[in-house]
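Quick notes on the structure that follows.
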Amino acid sequence: MTHRDDPQQSDFIREIIDNDLQTGKHGNRVATRFPPEPNGYLHIGHAKSVCLNFGIASQYKGTCNLRMDDTDPAGESLEFVESIQNDIRWLGFDWDDRLFFASDYFEKIYQFAVTLIRSGKAYVCSLSADEIRQYRGTLTEPGKNSPYRDRSVEENLDLFARMRAGEFADGAHVLRAKIDMASPNVTMRDPVIYRIKRSPHYRTGDDWIIYPMYDFAHCLSDSVENITHSICTLEFENNRPLYDWFVNELIEGHRPQQIEFARLNLSYTMLSKRRLIELVEGHHVSGWDDPRMPTVAGMRRRGYTPEAIRDFCARIGVAKKDNLVDIALLEHCVRDDLGERAPRAMAVLRPLRVVIDNYPDDKTEEVECANHPQKPDMGTRKVPFSREIYIESDDFMEDPPKKYKRLGPGREVRLRNCYIIKFASMVKDEATGRITEIHCTFDPETKNAPPPDGRKVDGVIHWVSVRHALSAQVRLYDRLFKTADPAGSEDDFTSLLNPDSLETVYPCYVEAGLAAAKPEDRYQFERLGYFCADMKDTAPGKPVFNRIVSLRDSWAKMTGEAGRK
Ligand code: ATP
Ligand code: MG
């Protein structure tokens, strides 16, 4: 393995944990959890959280639970539960037997609410949603007490039981924590903790028609699971006093501690589940695993490796301040990993036929090609060569500029791993003037060897023998959005989509050996980039290739950081 997971990594969260271990704050345990809501596929932002939570657990020999945070039935489904598990496993992490569902705690959470009512710390409020908003006040003005705030414990217990029993319409009542309507923190102004919502749940069906709100359910689920460090994103910072209030009121003994970190934002894409759902449902992409999607499933299908994603997450680290990470860094991590281990192959995406006039028509030669130029242990393969070959059409120019390192009139180039050929003539389509065929001669002294007279050639180009070529479909992917920060734009986000994010090219010609490519096999097509046999559309002998990344590393260029090619 070539990835750079660094077990010694440190950041402000690990410093908190180090400190807690010194003071014995959580009984010298480290127990984290990753708590996705199963209402969509995981994206690269979730991957950051997965790497953080599972990474901390393994570094400190603790545990990390996988908990489906499924307390809001809308949009949740088993498909998402399964995709989340697949993606986390693929990323290289394991929760052993600790897969939990917040919905399994519904009865417990209900009992916690009853406890709060009994201690006079929660009440049933019969204001409408709009009225609750009006009573809440603003950042600069305190709120007003609800007229229902002083209902007796008995009345509250009765009403809450009847809410559960289905006696009231959706929205008729809510249960609220009785905290402080004048708190400078709006979150603390008697937050709603239960609502009536007639919506079947994918696991509990019609068992419940009242559902706990996130702030109530989350801290209690953490407590039930004996979590020590409950790591979440920055937008929950204002909710921390509420988290602490609930656990202080309701939990005896050990209490979990919430720590916030900055969420990942990535340029040229969007990491909000709501937006990703819109992309899928609006058919702007082919599905959650469309190779242009920032989802783990999409990146996997595109050909990214789990090692590269983990490397990326380690490099961006965790901070306390939101920022926008350049997607070029992620692509750099992918190149860095694949440069080490993807075998090389030759493929011609936009073919131009070249006839080698002095090469016998009935002859085929095998050319020995290294699978990796710097790694002899990756072996060699034999590639057939014959009189007619395809080259990339932009590897020939009729009137090239001086610096052009390819074929043109009067020029000589080396065919990668093979002979030197010299331009002889070209054939044009009379109607369009387009070049349809090139004629060359080859120098038999130069097979994989320098010319005996020491002459210099104009470049090295790749090729595929016409007679032996395998035709393949190749999908060239580019960034999903035209603008660097689509999430920060006021415009309708669909108008910011890059219309050229997918180009399908067919037929491309690839070396014959690629008939053996299996779904998810990755290659470097020489001079073109890294490609992955599509995991869904590749059939035996019929590969479909996704371009993972091109070879141009804009990150390395920008930062001066060299890749590890
Ligand atoms: P979204 O905002 O995309 O809808 P979410 O927070 O609603 O995401 P959850 O399923 O609740 O999605 O997220 C599970 C965990 O992943 C949470 O702990 C959340 O903090 C974390 N997470 C979500 N998005 C990011 C991100 N962009 N960067 C880092 N962590 C994230
Ligand atoms: Mg959420």
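One is the number of the first residue; the rest follow in order along the sequence.
Donor-acceptor pairing under 3.5 Å is lacking for the side chains of Asn238 and Asn185. Side-chain N/O atoms of Asp485 and Ser489 include no donor and acceptor closer than 3.5 Å. In summary, the side chains of Ser103 and Arg203 do present a donor paired with an acceptor at a separation below 3.5 Å, with no hydrogens or angles considered. Judged by distance alone, the side chains of Asn248 and Arg255 do bring a donor and an acceptor atom under 3.5 Å apart. Side-chain contact annotation: Asp222 with Tyr243, donor-acceptor N/O pair under 3.5 Å present. Remark: the Asp130 side chain and the Ser128 side chain contain no N/O donor-acceptor pair separated by less than 3.5 Å. Side-chain atoms of Tyr304 and Asp337 form no donor-acceptor pair, as typed in the model, at a separation below 3.5 Å. Neither side chain, Gln134 nor Arg136, offers a donor N or O lying under 3.5 Å from an acceptor on the other. In this model, a donor atom of one side chain and an acceptor atom of the other lie less than 3.5 Å apart for Arg98 and Asn65. For the 3.5 Å distance criterion, the side chains of Tyr530 and Glu331 fail to qualify, holding no donor opposite an acceptor. Gln258 and Glu260 share a donor-acceptor pair across their side chains, judged by distance under 3.5 Å alone. Side-chain atoms of Asp70 and Tyr202 form a donor-acceptor pair, as typed in the model, at a separation below 3.5 Å.
Of the possible polar contacts, one joining the Ser501 side chain to the Asn498 backbone as a donor-acceptor pair under 3.5 Å is found. A donor-acceptor contact shorter than 3.5 Å is absent between the side chain of Thr233 and the backbone of Phe261. Put simply, the side chain of Asp170 gets close to the backbone of Arg198: a donor and an acceptor are under 3.5 Å apart. Listed for the Asp534 side chain is no donor-acceptor partner under 3.5 Å among the backbone atoms of Phe545. No donor-acceptor pair under 3.5 Å is formed between the side chain of Arg547 and the backbone N or O of Val474. When atom types are taken as modelled, the side chain of Glu520 and the backbone of Ala533 share no donor-acceptor pair closer than 3.5 angstrom. Not one N or O on the side chain of Arg302 forms a donor-acceptor pair closer than 3.5 Å with the backbone of Pro294. Listed for the His218 side chain is no donor-acceptor partner under 3.5 Å among the backbone atoms of Asp215.
For Tyr214 and Phe236, the gap between ring centers is short of 6.0 Å. Taking the six-membered ring for Trp, Phe531 and Phe525 have ring centres closer than 6.0 Å. Aromatic ring centres of Tyr211 and Tyr194: separated by at least 6.0 Å.
For the pair Arg292 and Tyr477, the cation does not sit on the ring face, since its NZ or CZ is not both under 6.0 Å from the ring centre and inside 45° of the axis. Geometric assessment of Arg33 against the ring of Phe100 yields a negative cation-pi assignment under the 6.0 Å and 45° thresholds.
Classified by interplanar angle (parallel below 30°, tilted 30° to 60°, perpendicular above 60°), the ring pair His26/His229 is perpendicular. By the 30° and 60° cut-offs, the orientation of the rings of Phe481 relative to Phe493 is tilted. Classified by interplanar angle (parallel below 30°, tilted 30° to 60°, perpendicular above 60°), the ring pair Phe34/Phe54 is tilted. A tilted orientation is assigned to the rings of Trp555 and His332, their planes being inclined by 30° to 60°.
For the pair Ile179/Arg189, no side-chain contact is recorded, criterion being any heavy-atom separation below 4.5 Å from C-beta on. Taking the side chain as every heavy atom from C-beta outward, Tyr506 and Val544 never approach each other to under 4.5 Å. Residues Arg300 and Asp289 are not in side-chain contact: their nearest non-hydrogen atoms beyond the backbone lie 4.5 Å or more apart.
Arg67 approaches Ile227 most closely through the heavy-atom pair NH2-CG1, 3.9 Å. Summarising the geometry of Ser495 relative to Lys482, their closest heavy-atom pair is O-NZ, 3.3 Å, with the distance given to 0.1 Å. Counting all heavy atoms, side chain and backbone alike, Gly55 lies closest to Phe93 at N-CE2, 4.4 Å. In terms of heavy-atom proximity, Leu266 sits nearest to Leu324 at C-CD1, 3.7 Å. Nearest heavy atoms, Val81 versus Pro38: CG2-CB, 3.6 Å.
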- Query: Stepwise, does the side-chain contact (heavy atoms from CB on, under 4.5 Å) test hold for Ile132 with Val174?
  - Reply: CA-CA 10 Å; Ile132 290 179; Val174 291; 3.8 Å; yes

- Task: Might you work through the side-chain contact (heavy atoms from CB on, under 4.5 Å) test for Glu225 and Tyr105, ending with a clear yes or no?
- Result: CA-CA 10 Å; Glu225 292 176 18; Tyr105 310 141; 2.5 Å; yes

